[in-house]
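Here is the naming used below: chain letters follow the sequence lines, and residue numbers restart at 1 for every chain. Not measured: the values here are computed from a predicted model.
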Amino acid sequence: MSRTGRHFFLGDAVTVARMLPGMDIVIASDNLPVRYMITETEAYLGEEDRACHASRGKTKRTEVMYLDGGRLYVYFVYGMHWMMNIVTGPENHPQAVLIRGVSGFTGPGRVTKALGIDRSYNGEDLTMSERIWIEDKGYHPELLSGPRVGIGYAGEPWISKPWRFMIGKY
DNA sequence: TCATTGATTTCA
DNA sequence: GAAATCAATGAT
């Protein structure tokens with residue numbers, strides 16, 4: 001059992017998004033570690049990417065994405081759902097990977113509900129935290145990819161970028 | 001297909 | 001300040 005360190009998260013969001021499915025999120029909020037295998041991710045790639053929240057510059061909400069990779073970017077949307085993202089890339093390269101699914105829970109809102117993720121996890125450092133981290137068990141299955149969900153406002157070419165990844169095969 | 005729901009952002 | 005927006009979900 002080994003916690004994934006900083007180096008892994010300094011890669012670009014697409015690279016990290018492709019590596020995460022098959023890896024585990026370990027959450028120890030009640031002092032008892034519980035593992036969930038990541039099954040689906042999406043990459044949001046910097047200020048250029050109109051679908052990325054950082055495309056309109058640094059704000060109070062997006063500032064955590066400007067730190068170096070390995071931290072959580074957690075935000076609230078539609079008045080009811082928390083979204084959990086992992087910040088990637090070096091400092092001042094705002095990128096993140098949305099966790100869309102884990103074993104047993106499909107959909108980003110359901111994932112955060114299952115894991116008990118809320119605002120208190122925003123900025124949490126996955127390389128240091130006592131309550132949440134990532135482990136690589138060496139399982140890296142074949143992935144399917146496709147366009148990201150719910151970002152029609154971003155326009156082309158961003159709508160069509162195949163930056164959604166999920167475990168599966170044809 | 002529609003209602004829900006409130007923080008964040010944008011516009012004035 | 002007020003108005004619009006929104007990485008979604010569950011019910012109808």
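Here dA8(C) is in the anti range [glycosidic angle more than 90° from 0].
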Would you please test R100(A) and E42(A) for salt bridge (charged side-chain N to carboxylate O under 4.0 Å, His left out) and show each step? CA-CA 7 Å; R100(A) 291 196 60 88; E42(A) 271 177 10; 3.5 Å; yes

Can you list the steps and then say if E47(A) with Y66(A) is a side chain to side chain donor-acceptor pair (under 3.5 Å)? CA-CA 10 Å; E47(A) 293 182 335; Y66(A) 285 78; 2.5 Å; yes

Could you give me the CA-CA distance, side-chain angles and deciding distance for L143(A) and I167(A), then say whether side-chain contact (heavy atoms from CB on, under 4.5 Å) is met? CA-CA 5 Å; L143(A) 302 181; I167(A) 294 176; 4.1 Å; yes

Can you list the steps and then say if V14(A) with F165(A) is a side-chain contact (heavy atoms from CB on, under 4.5 Å)? CA-CA 9 Å; V14(A) 173; F165(A) 304 100; 4.0 Å; yes

side-chain contact (heavy atoms from CB on, under 4.5 Å), that's the test. Do I117(A) and I27(A) meet it? Break it down for me. CA-CA 10 Å; I117(A) 299 294; I27(A) 186 139; 3.8 Å; yes

Evaluate L115(A) against Y121(A) for side-chain contact (heavy atoms from CB on, under 4.5 Å), listing each step before the verdict. CA-CA 11 Å; L115(A) 273 61; Y121(A) 283 84; over 6 Å; no

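Counting to the nearest Å, the P atom of dA7(C) and the CG atom of N122(A) are 15 Å from each other. A straight line from NE2 of H53(A) to C1' of dT8(B) spans 10 Å, rounded to a whole angstrom. For the pair E63(A) CD and dA7(B) C1', the interatomic distance rounds to 15 Å; values are reported in whole Å. What separates CE of M83(A) from P of dA7(B) is a distance of 15 Å, to the nearest Å. For the pair M65(A) CE and dT8(B) C1', the computed distance is 13 Å after rounding to whole Å. In this structure, W82(A) atom CH2 and dT8(B) atom P are separated by 8 Å, rounded to whole Å. Atom CZ of R50(A) and atom P of dC6(C) are 11 Å apart (whole Å). Atom CG in D118(A) sits roughly 19 Å away from atom P in dT5(B) (whole-Å rounding).
Considering only the side chain of Y44(A), dA7(C) comes nearest among dA7(C), dG6(B), dG10(C). Which of dT9(B), dA7(C), dT5(B) sits closest to the side chain of L98(A) comes down to dA7(C). Distance from the side chain of A96(A) is smallest for dA7(C) among the nucleotides dA7(C), dG10(C), dC6(C).
Within the structure, a side-chain polar atom (N or O) of R119(A) is placed less than 4.0 Å from OP1 or OP2 of dT8(B). When the side-chain nitrogen and oxygen atoms of R100(A) are compared with OP1 and OP2 of dA8(C), one or more of them lie within a distance under 4.0 Å. Checking the phosphate oxygens (OP1, OP2) of dT5(B), no side-chain nitrogen or oxygen of H81(A) falls inside 4.0 Å.
Evaluation of F76(A) against the base of dA7(B) yields no stacking contact (centre distance < 5.5 Å, interplanar angle < 30° required).
Ring geometry, Y75(A) versus H53(A): the interplanar angle exceeds 60°, so the pair is classed perpendicular (tilted spans 30 to 60°).
To the nearest 0.5 Å, atom CE of residue M83(A) and atom CD1 of residue I99(A) are 12.0 Å apart. Distance check: L10(A) CG to T88(A) OG1 gives 9.0 Å after rounding to the nearest 0.5 Å.
Less than 4.0 Å separates DNA chain B from no heavy atom of any residue of residues 149-166 of chain A. Contacts of residues 19-26 of chain A with DNA chain C (heavy atom under 4.0 Å): none.
The base of dA7(B) is not paired with the side chain of Y75(A) by any donor and acceptor separated by under 3.5 Å.
Two residues are said to be in side-chain contact when any heavy atoms from C-beta on lie closer than 4.5 Å; L72(A) and M84(A) meet this criterion.
Environment of CZ in R18(A): sparse, with no more than 12 heavy atoms of neighbouring residues, nucleotides or ligands closer than 6.0 Å.
Contact record, V111(A) with V102(A): CG2-N, 3.8 Å, taken as the closest heavy-atom pair.
Classification of R6(A) and D125(A) as a salt-bridged pair holds, one side-chain N sitting under 4.0 Å from a carboxylate O.
Nucleotide dT5(B) forms no Watson-Crick or G-U wobble pair with any nucleotide shown, as no partner meets the under 3.5 Å limit on both distances. Base pairing annotation: dT12(C) forms no Watson-Crick or G-U wobble pair, as no partner gives both donor-acceptor distances under 3.5 Å.
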Review item, nucleotides 10-12 of chain B N/O atoms under 3.5 Å of protein N/O:
residue, atom, partner, partner atom, Å
dT10(B), OP1, R56(A), NE, 3.4

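Separating the P atom of dA7(C) from that of dC11(B) is a span of 16 Å, rounded to the nearest Å.
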